Number of protein chains: 2
Amino acid sequence: MTDTAQTSDPQTDPKTPALSPQDMVCFSLYSAVHAMTQAYRPHLEALGLTYPQYLVMSALWSAGEAPTVGMLSRQVQLESSTLTPLLKRLEAMGLLTRRRDAEDERQVRIALTDAGQSMQGRTSHIAGCIAEQSGMSVDELLALRDQVSRLRDNLRKG
Amino acid sequence: MTDTAQTSDPQTDPKTPALSPQDMVCFSLYSAVHAMTQAYRPHLEALGLTYPQYLVMSALWSAGEAPTVGMLSRQVQLESSTLTPLLKRLEAMGLLTRRRDAEDERQVRIALTDAGQSMQGRTSHIAGCIAEQSGMSVDELLALRDQVSRLRDNLRKG
DNA sequence: TTCGATTCTATCGTGCACGATAGATATGTG
DNA sequence: CACATATCTATCGTGCACGATAGAATCGAA
């Protein structure tokens with residue numbers, strides 16, 4: 001993400017002035033994610049979750065039936081090599097179960113336990129806290145979300 | 001970032017409908033960073049750098065004189081526990097040197113080697129490639145950068 | 001100037017995150 | 001049925017990223 005404009009020719013001018021991280025779109029995203037993780041931390045520590053774990057739990061709370069690892073992977077955009085150990089940790093905490101699908105034994109279905117289901121109720125205050133801390137209006141946040149999602153989808157296509 | 005609006009009361013209604021990751025501002029940022037890292041990967045692999053390493057190199061290219069670890073830490077918003085091993089790897093690649101400051105022996109000053117300096121010239125095309133791949137105009141990207149930076153700074157304050 | 005407090009970097013342990021790869025199951029073609 | 005191909009999850013190695021902590025150097029106040 002040195003992805004802002006450069007007027008001088010990059011091929012002929014070997015001393016193009018360097019873009020500082022502060023100038024780059026990529027750095028704003030990168031540092032915002034870390035700041036967001038820090039903002040979530042106290043809320044999630046009370047639940048014993050990390051941020052990626054919370055993200056997977058959110059996917060499960062909003063899912064209809066027990067999704068497969070592949071379905072989760074596509075939804076949260078993480079590889080199976082990331083998800084498998086993460087899901088094993090959530091299983092060890094007693095929040096979900098992992099079971100081979102009888103129809104297709106290659107797939108593993110993830111189902112919430114009662115403890116996993118009931119945890120959702122203890123997360124409902126978090127959204128408002130973060131939104132307030134963001135110092136932005138709900139409309140601004142929604143617009144930002146849509147812009148960032150559009151950027152992400154375009155980058156994935158390219 | 002379940003940080004969009006909830007109309008039902010979170011205290012009295014234990015079954016608040018769950019926000020899917022796709023609804024959350026935090027997830028858009030989180031997934032956009034991963035997409036951005038993937039977009040950078042082919043360009044950075046040619047240089048033998050990871051994205052965080054590239055970020056630190058960018059900070060050094062735009063810095064006036066040899067900054068300390070603490071100065072870099074504040075600029076790229078990473079802890080010394082992250083920077084120290086990262087800087088050691090860049091040192092092992094011959095891109096920079098780490099030396100104790102004579103004035104204040106607690107501090108370590110980071111200076112680019114010739115190889116580190118000259119690498120900058122080979123990065124000048126990357127910005128344009130990513131900007132094009134983003135499918136957004138320069139004005140949109142700059143506006144997005146400023147919005148995301150504002151969000152980050154507000155979250156850091158809270 | 002002496003010693004308590006602060007500053008600064010490094011170390012350690014845990015948990016992502018990914019590419020490469022393996023291994024098991026399923027599918028399709030003959 | 002046989003066998004090549006594809007799909008799906010898991011494993012392994014590398015590199016972040018952070019909190020907690022340690023240890024050295026500096027600063028400050030009596």
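Residue numbering restarts at 1 for every chain, and letters A, B, ... go by the order of the sequence lines. Owing to the predicted nature of the structure, the values given are computational and were not obtained by experimental measurement.
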Under 4.0 angstrom, heavy atoms only, what part of the nucleic acid is L78(B) near: base, sugar-phosphate, or nothing? sugar-phosphate
Which of the following nucleotides, dA10(C), dG19(D), dA26(C), is nearest to the side chain of E105(A)? dA26(C)
Closest nucleotide of DNA chain D for E45(A) versus for T82(A): which of these residues is on the 5' side? T82(A)
State which of dA6(D), dC18(C), dA10(D) makes the closest approach to the side chain of R106(A). dA6(D)
Given dG15(D), dA10(D), dT9(C), the nucleotide with the shortest approach to the side chain of T84(B): dT9(C)
Pairwise 5' ranking along DNA chain C for R109(B) and S81(A), keeping only the more 5' one: R109(B)
With heavy atoms under 4.0 Å as the rule, sort L83(A) into base, sugar-phosphate or nothing. nothing
Verify the distance criterion only: is there a donor paired with an acceptor across the side chains of D23(A) and S20(A) at less than 3.5 Å? yes
Looking at every strand, decide which applies to T68(A) at a 4.0 Å heavy-atom threshold: base, sugar-phosphate, or nothing. sugar-phosphate
Taking dG15(C), dG19(C), dA10(D) as options, the one with an atom nearest any side-chain atom of R41(B) is dG19(C)
Rounded to the nearest Å, what distance is computed from the CZ atom of residue R156(B) to the P atom of nucleotide dC18(D)? 7 Å
To the side chain of R89(A), which of dG15(C), dC8(D), dA25(D) is closest? dG15(C)
Could you state the atom-to-atom distance from CG of L87(B) to P of dC16(D) in whole Å? 10 Å
With the side chain of P52(B) defined as its heavy atoms from C-beta on, choose the nearest nucleotide among dC16(D), dT9(C), dT11(D). dC16(D)
Compare the minimum distances between each of dT9(D), dG19(C), dC18(D) and the side chain of Q38(A), then state the nucleotide with the smallest one. dC18(D)
